[in-house]
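Encoded as structure tokens, the structure appears first; notes follow it.
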Amino acid sequence: MRSVLDIVDLSVAELDELMRTACDIIENPEKYQEACRHKKLATLFFEPSTRTRLSFEAAMYELGGNVISVSSAGASSAAKGESVADTAKTVSCYADIIAMRHPKEGAALVASRAATIPVINAGDGGHNHPTQTLADLLTIFREKGRMDNLTIGLCGDLKFGRTVHSLINAMSRYSNIRFVLISPEELKVPSYVKKDVLQKQGIPYLQTTDLETALPELDILYMTRVQRERFFNEEDYLRLKDSYILTPQKLTGAKDDLCIMHPLPRVNEISVAIDDDPRACYFKQVSNGKYMRMALILKLLKEAGTI
Ligand code: NCD
């Protein structure tokens with residue numbers, strides 16, 4: 001059974017195919033409105049979420065399907081001590097596809113091994129978040145008109161930010177990509193991502209603590225929230241949380257066609273004064289995410305022979 005746990009579970013050809021489907025859905029929504037009739041998506045969210053869960057649910061409804069849902073660990077049998085594997089086996093009896101978010105790295109993998117239906121990882125701890133990356137890829141494609149020849153700045157919590165890890169993995173597979181990794185010393189990209197992805201594939205990257213110096217050369221600036229829930233102590237969080245705050249003044253030297261992204265939720269990282277700047281793309285990411293999730297649900301259900 002095909003599941004999507006990591007963005008590399010999808011080939012570049014498949015990423016391109018998903019983007020094409022998403023664009024077709026945007027142009028011809030009526031073609032898809034009965035595609036998943038009588039099928040059920042189960043959203044199992046054991047960690048807080050607004051966008052990801054609602055976007056999966058909206059995606060399934062727009063495909064004519066139905067949704068059943070667990071929206072917190074406390075409200076499910078996980079609170080009684082049930083294992084992820086047993087939960088996945090159980091839900092396989094009710095639904096056709098699962099989207100799961102869990103605080104533990106590898107939880108979606110465990111679920112996919114036990115489930116008899118496709119599992120989509122909607123975020124596993126500080127590890128991966130492949131469907132946010134699908135939203136990010138469609139945004140890059142629609143805003144820049146290309147997936148190659150880009151200098152991408154990633155800024156903020158690059159250590160615990162799972163969206164960052166998945167995006168580096170995805171963009172490293174397109175040609176002539178350069179990364180500028182902007183973070184405090186304590187929140188640098190984990191060495192496994194640098195070794196296994198960037199160095200292994202010979203992707204050029206620069207690590208810096210200085211956003212303003214890096215800004216003028218960037219085509220994309222991907223801001224992230226400091227991931228409070230993954231810190232071991234509150235003091236470190238408080239010290240690091242406002243390391244980077246993007247303001248209109250800081251954008252003075254930036255390119256006119258810079259694409260400013262953020263997976264959201266935003267805390268303080270981007271001043272609301274930037275929201276009306278045409279370069280602000282973070283709410284477009286939200287919208288693109290729904291279409292990419294529609295495309296992914298369709299693909300996995302077709303491959304499983306469910307539709
Ligand atoms: C991200 C996540 O959950 O990792 N949010 C999202 O899904 N859009 C980013 C974050 O929580 O900071």
Side-chain angles (χ1 to χ4, degrees), residues 4-7 22 41 43-59 69-73 98-108 119-140 152-170 181-184 186-187 189-190 193 220-231 236-237 240-246 259-270 275 280-294 296-297:
V4 171
L5 310 169
D6 189 312
I7 196 69
L41 163 75
T43 51
L44 309 181
F45 276 61
F46 300 108
E47 247 194 359
S49 170
T50 299
R51 269 153 297 275
T52 307
R53 185 165 69 87
L54 294 186
S55 121
F56 266 112
E57 297 186 355
S69 186
V70 163
S71 61
S72 77
I98 292 172
M100 177 189 249
R101 168 170 290 188
H102 199 283
K104 289 213 175 104
E105 288 78 7
V119 175
I120 303 173
N121 181 7
D124 61 329
H127 188 216
N128 280 326
H129 193 348
T131 64
Q132 178 61 46
T133 301
L134 295 179
D136 300 342
L137 294 181
L138 185 60
T139 305
I140 293 172
I152 304 172
L154 298 155
C155 179
D157 185 348
L158 309 187
K159 178 180 180 186
F160 297 117
R162 54 193 173 195
T163 64
V164 166
H165 308 154
S166 293
L167 186 60
I168 290 177
N169 243 307
L181 307 174
I182 309 151
S183 74
E186 296 91 330
L187 298 178
V189 169
V193 176
I220 290 165
L221 172 61
Y222 194 94
M223 297 295 293
T224 62
R225 168 182 75 91
V226 175
Q227 307 276 298
R228 178 182 207 157
E229 64 275 35
R230 315 229 185 270
F231 274 69
D236 285 347
Y237 168 72
L240 294 167
K241 73 182 175 72
D242 290 327
S243 300
Y244 302 100
I245 300 175
L246 190 65
C259 174
I260 305 168
M261 299 174 68
H262 191 305
L264 303 179
R266 146 176 68 182
V267 184
N268 263 335
E269 310 78 48
I270 303 181
D275 295 1
C281 296
Y282 26 96
F283 288 104
K284 293 182 183 171
Q285 280 168 270
V286 177
S287 162
N288 287 329
K290 183 186 69 179
Y291 296 114
M292 286 302 267
R293 290 183 176 105
M294 288 173 79
L296 182 64
I297 291 169

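Just so we're clear, the structure is a prediction, and the values are computed from it rather than from any experiment. The figures here come from the full heavy-atom set of this structure, side chains too, leaving out hydrogens, waters and symmetry mates. Numbering of ligands and ligand atoms starts at 1, following listing order.
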Contact check, side chains of Leu187 and Leu158, non-hydrogen atoms, under 4.5 Å: no
Polar proximity ligand 1 side, Leu264 side, N/O cut 3.5 Å exclusive: yes
Parallel, tilted or perpendicular, as decided by the 30° and 60° cut-offs, for the rings of Tyr282 and His262: perpendicular
For atom 7 (O) of ligand 1, the protein heavy atom that lies nearest, with its residue and separation: His129 NE2, 2.7 Å
Proximal atoms of ligand 1 relative to Thr163 (non-hydrogen, under 4.0 Å): 1 (C), 4 (O)
Note, Lys159 side chain near Ser183 side chain (heavy atom, < 4.5 Å): no
Contact atoms of ligand 1, heavy-atom distance to Thr52 under 4.0 Å: 6 (C), 7 (O)
Lys/Arg N to Asp/Glu carboxylate O, Glu47 vs Arg230, below 4.0 Å: yes
Side chains of Arg101 and His129, donor plus acceptor under 3.5 Å: yes
Sub-4.0 Å heavy-atom approach of Pro265 to ligand 1: yes
Arg101 heavy atom under 4.0 Å from ligand 1: yes
Check: Leu264 and Arg51 side chains under 4.5 Å, non-hydrogen atoms: yes
Distance from atom 4 (O) of ligand 1 to nearest protein heavy atom, with residue and atom: Arg162 NE, 2.7 Å
Donor on one side chain, acceptor on other, Thr131 and Arg293, under 3.5 Å: yes
Residue Arg225 vicinity, atoms of ligand 1 by number, heavy atom under 4.0 Å: 10 (C), 11 (O), 12 (O)
Numbered atoms of ligand 1 (with element) below 4.0 Å of Pro263, judged on heavy atoms: 8 (N), 9 (C)
